[in-house]
**Student:** 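Mind looking over this structure? Questions follow.
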Amino acid sequence: MRRPQIFVMITISILLAMIAGCGQDDSGMRGKPPVAVEIAKVSRSDIRDIGNFSGTLSPRSSFTVAPKVAGRLKRLTVDIGDVVRSGQVIAELDDEEYVQDVLQARADLAVAEAQEVQRKSALELATRELQRMQTLRDKDFVSESDMDQAQSEYNAAYANHQVAIAQLGKSKSELKTAEVRQSYTRIKVSWDDGLATRVVGERYVDEGAMLTVNSAIVSILDNSVMTAEIDVIERDYPKIQLNQPAAINTDAFPGEDFVGKINRIAPMLQESSRQAKVEIDVPNPNGELKPGMFARVQIEFRTHSDAIVIPTSAIARRNEREGVFIIDRDTMTAKFTEIQTGIRQDDRIEILSPEIKGEIVTLGHHLLEDGGAIRLPNEKPKSAGEMGK
């Protein structure tokens, strides 16, 4: 008896549900209310592929001045920041010991010269005696033993003269060495790149210091061109080209860009970091840039004109596909469209395909499904009847 009543109650429930459904809009039929979103218009503009890097400025070249001989630093004529020229004497060592060495070498040379003259005279005498004995021997006036004696004396005189010549050459060389070592007490700077002047970067010692060979005295810098050293990751490495322009900015001169160009590219990436060293030469004619400054570097890899550009916030992913939700204002829905992107610059990104236009969702798309209903700020959702008009 209860089964007909249960059947009637189920039928009534179904009818009531159908009646209630007839008063809802399309989104309600789907069981999901409209999603509140923010939108932006698809635009066309120029967009640039720019690489941003950081690095350190260093001088184009630098070297340390050090003595070639040991001694006490008698005089230092330059200090930090001084401009120096190639060939300029910047320091002097106490040279008393080296002066004595030169005097001793000159005395030894005088002795060697006198010995050479003496040995030469003895050789000339032995030569004449040998010639005289040879003439007498031809006439049988002297014996064979006398001839042998004359020959032996000549050979000894010749050998002694050769030794004297060698000793004279050695004495001259020793004098030259002593003079060179004495000249090393006057320490000069020199370079061969044609640059007229350079600047003293650091001073390591003071006058009166005892210096050993190769003890650093000062460093000399070429600041006419600075080098910005940056590390480039693997993704950007193929985009780097020699002579590519770069803009360098420093904290010391905010808002001011210094233009340089890529001069050297490492032929390999470091295995530990997957980065390659790149050096950018930056002209510095006024000397504003200094070694050790932190450098922010921008390199423009490419530029696309009149490109389709959207905010990066509009990018959404559905089923491993990248796309955007395009607004249909007639139905107040958003359709998911798969896209292929290009250059990304700051908060903008280029759309390579398809050629989209109109309005896209920039906020709230994480709640959207393809064809889902949307609601814009300060706008009421349309009813199903209004959407059909």
**Student:** Using the rule side-chain contact (heavy atoms from CB on, under 4.5 Å), only one of L363, I360, L376 pairs with I39; which is it?
**Tutor:**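 The passing option is L376.
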**Student:** Using 0.5 Å steps for rounding, measure from the OG1 atom of T197 to the CZ atom of R85.
**Tutor:**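 Answer rounded to 0.5 Å: 6.0 Å.
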**Student:** Verify whether one side chain among S152 and N155 offers a donor that lies under 3.5 Å from an acceptor in the other.
**Tutor:**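 S152 vs N155: no donor-acceptor pair found between side chains.
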**Student:** Using the rule that two of Ile, Leu, Val, Met, Phe, Trp, Tyr join whenever any of their side-chain heavy atoms come within less than 4.5 Å, decide whether V297 and Y237 are in one cluster.
**Tutor:**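 Yes.
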**Student:** Please round to the nearest 0.5 Å and tell me the distance separating atom CZ of F325 and atom CG of D370.
**Tutor:**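 Answer for the CZ-CG pair, F325 versus D370, is 6.5 Å.
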**Student:** Looking only at the side chains, is there a donor atom on one of S86 and R198 sitting less than 3.5 Å from an acceptor on the other?
**Tutor:**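 Not at all, the side chains of S86 and R198 share no donor-acceptor pair under 3.5 Å.
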**Student:** Ring centres under 6.0 Å, that's the criterion: do F253 and F258 meet it?
**Tutor:**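 For F253 and F258, the ring centres are under 6.0 Å apart.
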**Student:** Any chance the side chains of N249 and R296 put a donor and an acceptor closer than 3.5 Å?
**Tutor:**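 Checked: N249/R296 side chains pair up, N/O donor to acceptor below 3.5 Å.
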**Student:** Can you find a pair of side-chain heavy atoms, one from L352 and one from T341, that are under 4.5 Å apart?
**Tutor:**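 In short, these two side chains do not touch, never coming nearer than 4.5 Å.
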**Student:** Applying side-chain contact (heavy atoms from CB on, under 4.5 Å) to E288 and T250, what does each step give before you reach the verdict?
**Tutor:** CA-CA 11 Å; E288 297 174 308; T250 65; over 6 Å; no
**Student:** Report the C-alpha distance between I220 and V199 in whole Å, list the side-chain angles of each, state the deciding distance to 0.1 Å, and finish with yes or no for side-chain contact (heavy atoms from CB on, under 4.5 Å).
**Tutor:** CA-CA 6 Å; I220 305 297; V199 65; over 6 Å; no
**Student:** Heavy atoms, side chains only, cut-off 4.5 Å: are P291 and N223 in contact?
**Tutor:**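 Side chain of P291 against side chain of N223, heavy atoms only: contact under 4.5 Å found.
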**Student:** With heavy-atom distances below 4.5 Å as the criterion, would you say the side chains of V99 and Q182 are in contact?
**Tutor:**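 V99 vs Q182: side chains touch.
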**Student:** How long is the straight-line distance from CG of D79 back to CD1 of I90, given to the nearest 0.5 Å?
**Tutor:**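 Rounded to the nearest 0.5 Å, the CD1-CG separation comes out at 11.0 Å.
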**Student:** Less than 4.5 Å apart, side chain to side chain, heavy atoms only: is that true for F301 and Q244?
**Tutor:**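 F301 reaches Q244 side chain to side chain.
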**Student:** Hey, does Y154 have a side-chain heavy atom less than 4.5 Å from the side chain of R128?
**Tutor:**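 With C-beta onward as the side chain, the pair stays apart.
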**Student:** Does the distance from a Lys or Arg side-chain N to an Asp or Glu carboxylate O, for E92 and K74, drop under 4.0 Å?
**Tutor:**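 The answer is no: the pair does not qualify as a salt bridge.
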**Student:** Could E359 and K41 be called an ion pair, given the rule that one side-chain N must be under 4.0 Å from one carboxylate O?
**Tutor:**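 Result for this pair is no, no salt bridge flagged.
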**Student:** What's the separation between atom CD in Q167 and atom CD1 in I165, rounded to the nearest 0.5 Å?
**Tutor:**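 It comes to 12.0 Å.
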**Student:** Closer than 3.5 angstrom, by distance alone: can the side chain of S173 be matched with the main-chain N or O of G169 as a donor-acceptor pair?
**Tutor:**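 No, because the side chain of S173 does not come within donor-acceptor range (under 3.5 Å) of the backbone of G169.
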**Student:** Have Q345 and R348 got a donor and an acceptor in their side chains that come within less than 3.5 Å?
**Tutor:**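 Judged by distance alone, the side chains do pair up.
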**Student:** Do F63 and S219 pass the side-chain contact (heavy atoms from CB on, under 4.5 Å) test, and can you show the C-alpha distance, the side-chain angles, and the key distance before you say yes or no?
**Tutor:** CA-CA 6 Å; F63 61 88; S219 64; over 6 Å; no
**Student:** With a 3.5 Å cut-off and no angle check, do the side chains of S145 and S143 form a donor-acceptor pair?
**Tutor:**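 S145 vs S143: donor-acceptor pair found between side chains.
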**Student:** Working to the nearest 0.5 Å, report the span between CD1 of I310 and CD1 of I356.
**Tutor:**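 Here the interatomic distance stands at 5.0 Å.
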**Student:** Once rounded to the nearest 0.5 Å, what's the spacing between atom CZ of R72 and atom CD of E96?
**Tutor:**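 Answer for the CZ-CD pair, R72 versus E96, is 10.0 Å.
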**Student:** Do E153 and Q149 meet the criterion of a side-chain donor-acceptor pair at a distance under 3.5 Å?
**Tutor:**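 The answer is yes; a qualifying pair exists.
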**Student:** Is there a side-chain contact (heavy atoms from CB on, under 4.5 Å) between R375 and M332? Walk through the geometry before answering.
**Tutor:** CA-CA 7 Å; R375 179 169 60 85; M332 289 304 290; 5.8 Å; no
